[in-house]
Protein chains: 2
Amino acid sequence: MSQFTILVVEDEPAIRSMLVMVLQQYDFNVLEAGDVTEAQAILDETVPDLILLDWMLPRITGDEWTRRLKSNDSYRDLPIILVTAKGEEADKIRGLDIGADDYVTKPFSPKELISRIKAVLRRSGKIHDLTQIKFQDIVMDTERHRVNISDKEVDVSPTEFKLLSFFLTHPDKVYNRTQLLDQVWGRNVYIEERTVDVHIRRLRKILAKYQREEWLQTVRGFGYRFSIKNS
Amino acid sequence: MSQFTILVVEDEPAIRSMLVMVLQQYDFNVLEAGDVTEAQAILDETVPDLILLDWMLPRITGDEWTRRLKSNDSYRDLPIILVTAKGEEADKIRGLDIGADDYVTKPFSPKELISRIKAVLRRSGKIHDLTQIKFQDIVMDTERHRVNISDKEVDVSPTEFKLLSFFLTHPDKVYNRTQLLDQVWGRNVYIEERTVDVHIRRLRKILAKYQREEWLQTVRGFGYRFSIKNS
DNA sequence: ATTTTATATGACAGTTTTGTGACAATAGCT
DNA sequence: AGCTATTGTCACAAAACTGTCATATAAAAT
C-alpha cells in the first residue's frame, strides 16, 4: 500500500499519533496536521490520496472544511473520511450532505479503519485491483511482487519497485523531489534531494530496456512526471 | 490440514472459542470475527479458504451477508457454511436460496463439523484429495507425512514438511517472515524472524537435490515466494 | 558566446539484507 | 536414561541495494 498517502487532520495529539501509528503499520505514507490551517499548508505542497479528518476541530468544523474542499475543483476527487465521536454526532452526520466519502466512529479498531480506507480508495477508483497496478503494458503485482513489461518479467530493487508503483498510480502529474521523497521514501527520512535523480536514472535504465524510457519525463525546474504523452 | 484457513464469524464468545478450538485441533488456521464489520476487515487482509458463519448475527443476518458476498465477484467462490440453531431455523434456511454451500445445525459434534468442512472444500475444488498436495512433480501425502519429488522419496523434517506444504498450497505469492511464522509455526510463538531464513535454507538444500532449488525464491526486502521460475 | 543553473551519469563506499555453517538446547524414541 | 534427529539462535560471510559525491551535459539566462 506504500503508494498511498493519507493526510491526518486531528487536533488531539494522542489520537493523532495513534492514527499515524496505525496507518504506518499498514504501510501508508502519512502527513499530519493539527488544524485546518496546517492542513491547507500541506495541501499546497502535496496532494494526498485521502484525508482522514476529525469532525470536531478548533475554529472550523470538519464538515465545513469538507464542504469547502469539495466545492473546489482541484480537490473534488480527494476522498475524505470523517472521524466522529460516537453516538449523537454520527446521527447528525449521517443526515448531513456534507460530501464526505465515509466516516468512522470512535472508538474503532485499526482493522476497521484500514478496511474503510481501502474501501474508499477502491470506490474512488484509486485502487482498481488491490494487488495489481497496470499502466499500458506495464503490470505490477504487489502480492506476487512482480513487474512485467509487455509480458516480460523485469527485475527491480525494492526502492525501484516503490517508485515505479507510485508513478504508475499517479501518472501525468509532476512531482518535485521533496514530494517524491515524502511519498516513496516516507516523510521522516532525511535524504539528499538529488538522490531522487539517481533513482530516476536507475528506473529509466530499466525502462530503457523496453523502450519505455521516454515515459519517465523530466520537467525542468519542477520535477518528474510519468506519462505516455510528451509535452 | 494446515494449508487451509477458515474464518469464523460468530458473536457469542463461548461458541466462537469452541469452534476455534475444534478447528485448530484439526490443524486448520483460524481467523475470528465477532460481527460482519470485523469479518469484512479481515477479508480485506486475508482471503480464507472457507467461512463458517453464524446465521444469527447482530445488525445483519448471516444470510444477508452471504447473499452480498456471493454477489461479489471476488468472493463468489469462497465457500460458506452457515451455523444455525436447531429446529425451526434449519427449515427456513433449507428453503432459502441464500447461496451458502452448506449448513450445520447446533448442536453438532466436532466430527460432523469437520466432515462437512472437508466435504465443502472438496466440492469447491480446493481439495482434490485431502491427503495429497501436488505441485508440478512434487507430491506430499499429509497422512503418511511423505514427500515425493518426481517419484523419488524425499526425507524431510516436520518443520520442513509444514513449510513446504504451505508453499505448495500458496504458490506465487510473496510471504514475509512474520507471515510465514504465523502460518507455518502458529500465531502465538515467539521465534526470531531470521530463523525462517535458516529453514528456507534447509528446504532449499533438499530441493537442490532435485534441481528444484530455484522454485523457492527470495524477494529481497519482502520475503520469499514459491513459484516455478519464469524469465 | 559566456555564464549560470539544473539535470544526468558513473563510481564507490557504507549499509542493509540474506545466506550459511556451527552449536547447544530440546524433543522424541527405544 | 541414553541416543538421535530436529530446531532455534548466533556469528560471520556474501550479496544486493542505496545514498552521496564528483563530474559531465544540457538548458536557460545574461
Side-chain angles (χ1 to χ4, degrees), chain A residues 2 145 147 154-167 174-209 212-226 230-231, chain B residues 2 145-147 153-167 174-209 212-226:
Chain A
S2 75
H145 242 272
V147 182
V154 180
D155 191 35
V156 298
S157 80
T159 308
E160 283 151 11
F161 191 93
K162 285 188 218 154
L163 184 58
L164 181 58
S165 71
F166 175 76
F167 275 125
V174 178
Y175 294 91
N176 65 35
R177 294 176 176 73
T178 308
Q179 291 171 323
L180 289 171
L181 280 174
D182 281 355
Q183 306 241 37
V184 176
W185 277 258
R187 352 60 240 173
N188 0 348
V189 292
Y190 84 107
I191 289 180
E192 248 353 277
E193 289 215 331
R194 301 308 308 291
T195 298
V196 173
D197 300 30
V198 179
H199 281 277
I200 292 284
R201 152 88 175 129
R202 286 168 181 161
L203 202 45
R204 276 182 178 152
K205 237 177 181 168
I206 290 167
L207 293 170
K209 289 189 204 157
R212 300 289 182 283
E213 200 184 1
E214 68 281 6
W215 288 0
L216 188 39
Q217 300 150 6
T218 302
V219 182
R220 190 168 230 266
F222 294 96
Y224 298 95
R225 172 179 56 199
F226 196 91
N230 36 19
S231 56
Chain B
S2 75
H145 248 261
R146 289 221 165 117
V147 183
E153 178 85 29
V154 180
D155 187 40
V156 297
S157 79
T159 308
E160 283 152 12
F161 189 91
K162 280 192 227 156
L163 184 58
L164 181 58
S165 70
F166 176 76
F167 275 126
V174 175
Y175 294 91
N176 64 35
R177 294 176 176 74
T178 307
Q179 291 172 319
L180 289 172
L181 281 174
D182 281 355
Q183 304 256 6
V184 176
W185 276 260
R187 263 152 234 281
N188 8 359
V189 291
Y190 166 68
I191 290 180
E192 278 307 312
E193 291 214 331
R194 294 298 259 80
T195 298
V196 173
D197 300 32
V198 178
H199 282 277
I200 292 283
R201 153 92 175 124
R202 287 168 181 161
L203 201 46
R204 275 181 179 153
K205 242 177 178 167
I206 292 167
L207 292 170
K209 290 188 205 157
R212 301 289 183 282
E213 200 185 0
E214 69 281 7
W215 287 0
L216 189 39
Q217 300 152 6
T218 302
V219 182
R220 186 167 239 264
F222 294 93
Y224 296 96
R225 172 178 57 201
F226 195 91

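Throughout, a chain's letter reflects where its sequence line sits, starting with A, and its residues are numbered from 1. As a basis for the values below, the full set of heavy atoms in this structure was taken, side chains included, without hydrogen atoms, waters or symmetry mates.
Not counting sequence neighbours, Arg220(A) has no partner by the side chain to side chain donor-acceptor pair (under 3.5 Å) test.
Between the P atom of dG8(D) and the CG atom of Leu163(B) lies a distance of 11 Å, rounded to the nearest Å. When the P atom of dT7(D) is taken as reference, atom CG of Asp197(B) falls 16 Å away, rounded to whole Å. The nearest whole Å value for the distance from the CG atom in Leu164(A) to the C1' atom in dC17(D) is 17 Å. Distance Lys205(B) NZ to dT6(D) C1': 14 Å, rounded to the nearest Å. In this structure, Phe222(B) atom CZ and dT16(C) atom C1' are separated by 14 Å, rounded to whole Å. We find that CG of Leu180(A) is positioned 12 Å from P of dT7(C), with the value rounded to whole Å.
When Val174(B), Asp197(B), Asn176(B) are each tested for a side chain to side chain contact (heavy atoms under 4.5 Å, CB included) with Tyr224(B), only one passes: Asp197(B).
Phosphate contact (OP1/OP2 of dT7(C), side-chain N/O of Arg177(A), threshold under 4.0 Å): present. Residue Thr218(B) places none of its side-chain N or O atoms closer than 4.0 Å to OP1 or OP2 of dT17(C).
Minimum interatomic distance between Glu213(A) and Arg204(A) (heavy atoms only, all atoms of both residues): CG-O, 3.9 Å. Between Val156(A) and Val147(A), the shortest heavy-atom contact is CG2-CG2, 3.8 Å.
Residue Tyr224(A) is classed as a sugar-phosphate contact, given heavy-atom separations below 4.0 Å to backbone atoms only.
For the residue pair Thr195(B)/Glu192(B), the side-chain donor-acceptor check at 3.5 Å is not satisfied.
Phe161(A) and His145(A) have parallel rings, their planes meeting at less than 30° on a 0 to 90° scale where 60° marks the start of perpendicular.
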Can you give one letter per nucleotide of nucleotides 18-30 of chain D, 5' to 3': B if a protein heavy atom sits under 4.0 Å from the base, S if only from the sugar-phosphate, - if neither?
-> BBBB----BS---
